[in-house]
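Worksheet: one structure, shown below.
Chain identifiers are assigned alphabetically (A, B, ...) following the order of the sequence lines, protein sequences preceding nucleic acid strands; residue numbering begins at 1 within each chain. The structure presented is a predicted model; accordingly, all values stated were derived computationally and were not measured.
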Protein chains: 2
Amino acid sequence: MVRESSKISTEFIQTAARILKTLGHPDRIKIVEFLEDGEKTVGQIQRELNLLQPVTSQHLKVMYDRNIVTFRQKGTRYFYSLANNFIIKILDCMSEVQEKLDSGEWDFDFSKIENQKEAV
Amino acid sequence: MVRESSKISTEFIQTAARILKTLGHPDRIKIVEFLEDGEKTVGQIQRELNLLQPVTSQHLKVMYDRNIVTFRQKGTRYFYSLANNFIIKILDCMSEVQEKLDSGEWDFDFSKIENQKEAV
DNA sequence: GTATTATATATGAAAAGTAATATATAATGC
DNA sequence: GCATTATATATTACTTTTCATATATAATAC
């Protein structure tokens, strides 16, 4: 459970950075969390998150291009699902952190980073 | 170890997105990984990653603003260190995934997402 | 006090990401 | 075939990020 300081490979760092960056959007986190429940159509996702259809498709396309989600097509429906275990790991990680925060075991100064104007 | 599907709160999603996005840069992942070893000065980080000094400071400033790193000043030296446990969790997560990939237990199509031109 | 070292800040250009509007495509129901 | 439904793609304006160059600041060594 505790990290052994085995260096992360350069190759994996590239990939990980790409994935973390892509998941660094609230709606995309919500989408993958929703998909953890099982495959969903674009319409289901759109309604669940209250997004515009093209925006939903755009997020899914970006995530498909980066190997975060995959899909199967059935008629006019596209059923999207999570493409790999890394994503599930990240979701697990977020859940664990949320629990620690909820239980008060960890503290986190949300105010410090939210709704903050970008720098550099 | 297996995720209980307790919804992640909207508030935390905002924060998590911010953090994931910020860590979504190869050099920044390398920096936090280096910091896991203990606090480091800007110069140490710069030399370790072979970056320009202002670029190093810029990365550190962005991460400071988003509560990923913190620092103490001693003379002209700034000693940076990790600011919270969430970051360590993410590093753990990446290590675990790397191990699974190395061991062949998991497979991941790196080619699919690397050096790829952006889409929308 | 002058030079040097360590680091921060300012600025600007180029690249990437975001979100909206409009349009295309393709399957389905009638 | 025609309308409808589900989704993708194109385009564009806007915002943010990234990286480099230049400069400022402040402590230290001499």
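Remark: B/Lys40 is positioned above the aromatic ring of B/Phe34, its terminal NZ or CZ atom under 6.0 angstrom from the ring centre and at most 45 degrees off the axis.
Residue order along DNA chain C, read from the 5' end via each residue's closest nucleotide, puts B/Arg77 first among B/Lys21 and B/Arg77. Between B/His59 and A/Val55, the one whose closest nucleotide on DNA chain D sits nearer the 5' end is A/Val55. The residue among B/Gly43 and A/His25 whose nearest nucleotide of DNA chain C lies closer to the 5′ end is B/Gly43.
In this structure, B/Arg18 places its CZ atom 15 Å from C1' of C/dT18, rounding to the nearest Å. As a whole-Å value, the separation of A/Lys40 NZ from D/dT7 C1' is 18 Å. In this structure, B/Tyr64 places its OH atom 16 Å from P of C/dT7, rounding to the nearest Å. The distance between atom CG of A/Leu60 and atom C1' of D/dA6, rounded to the nearest whole Å, is 13 Å. At whole-Å resolution of the value, CZ in A/Arg72 and P in D/dT7 are 12 Å apart. Separating the NZ atom of A/Lys61 from the C1' atom of C/dA19 is a distance of 17 Å, rounded to the nearest angstrom. In this structure, B/Leu52 places its CG atom 19 Å from P of C/dA10, rounding to the nearest Å. Note: CZ (A/Phe79) to P (D/dA8) measures 12 Å, nearest angstrom.
Side-chain nitrogen and oxygen atoms of B/Arg47 include none within less than 4.0 Å of the OP1 or OP2 phosphate oxygen of C/dA6. For A/Arg28 and C/dT18, the shortest distance from a side-chain N or O to OP1 or OP2 is below 4.0 Å.
Relative orientation of the B/Phe86 and A/Phe108 rings is perpendicular, given thresholds of 30° and 60° on the angle between their planes.
Scored by the side-chain contact (heavy atoms from CB on, under 4.5 Å) test, A/Lys21 finds no partners at all (sequence neighbours excluded).
Side-chain atoms of B/Asn85 and A/Glu96, non-hydrogen and from C-beta on, never get closer than 4.5 Å to each other.
With D/dC19, C/dT21, C/dA8 as the candidates, the nucleotide lying closest to the side chain of B/Gln58 is D/dC19.
For B/Gln53 and C/dA8, a side-chain-to-base donor-acceptor distance below 3.5 Å is present, hydrogens and geometry of angles not being considered.
The two residues A/Thr56 and A/Leu52 come nearest to each other via the heavy atoms OG1-O, 2.7 Å.
With 3.5 Å as the limit, one finds no donor-acceptor pair spanning the side chains of B/Arg77 and B/Thr41.
Looking at heavy-atom distances under 4.0 Å, B/Thr41 makes contact with sugar-phosphate atoms alone, never a base. Within the 4.0 angstrom heavy-atom criterion, only backbone atoms of the sugar-phosphate kind lie near B/Tyr80; the bases stay farther away.
Between the B/Gln53 side chain and the B/Gln46 main chain, no donor and acceptor come within less than 3.5 Å of each other.
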Going 5' to 3' through nucleotides 24-30 of chain C and flagging B where a protein heavy-atom sits under 4.0 Å of the base, S where only the sugar-phosphate is that close, and - otherwise, we get ---SS--
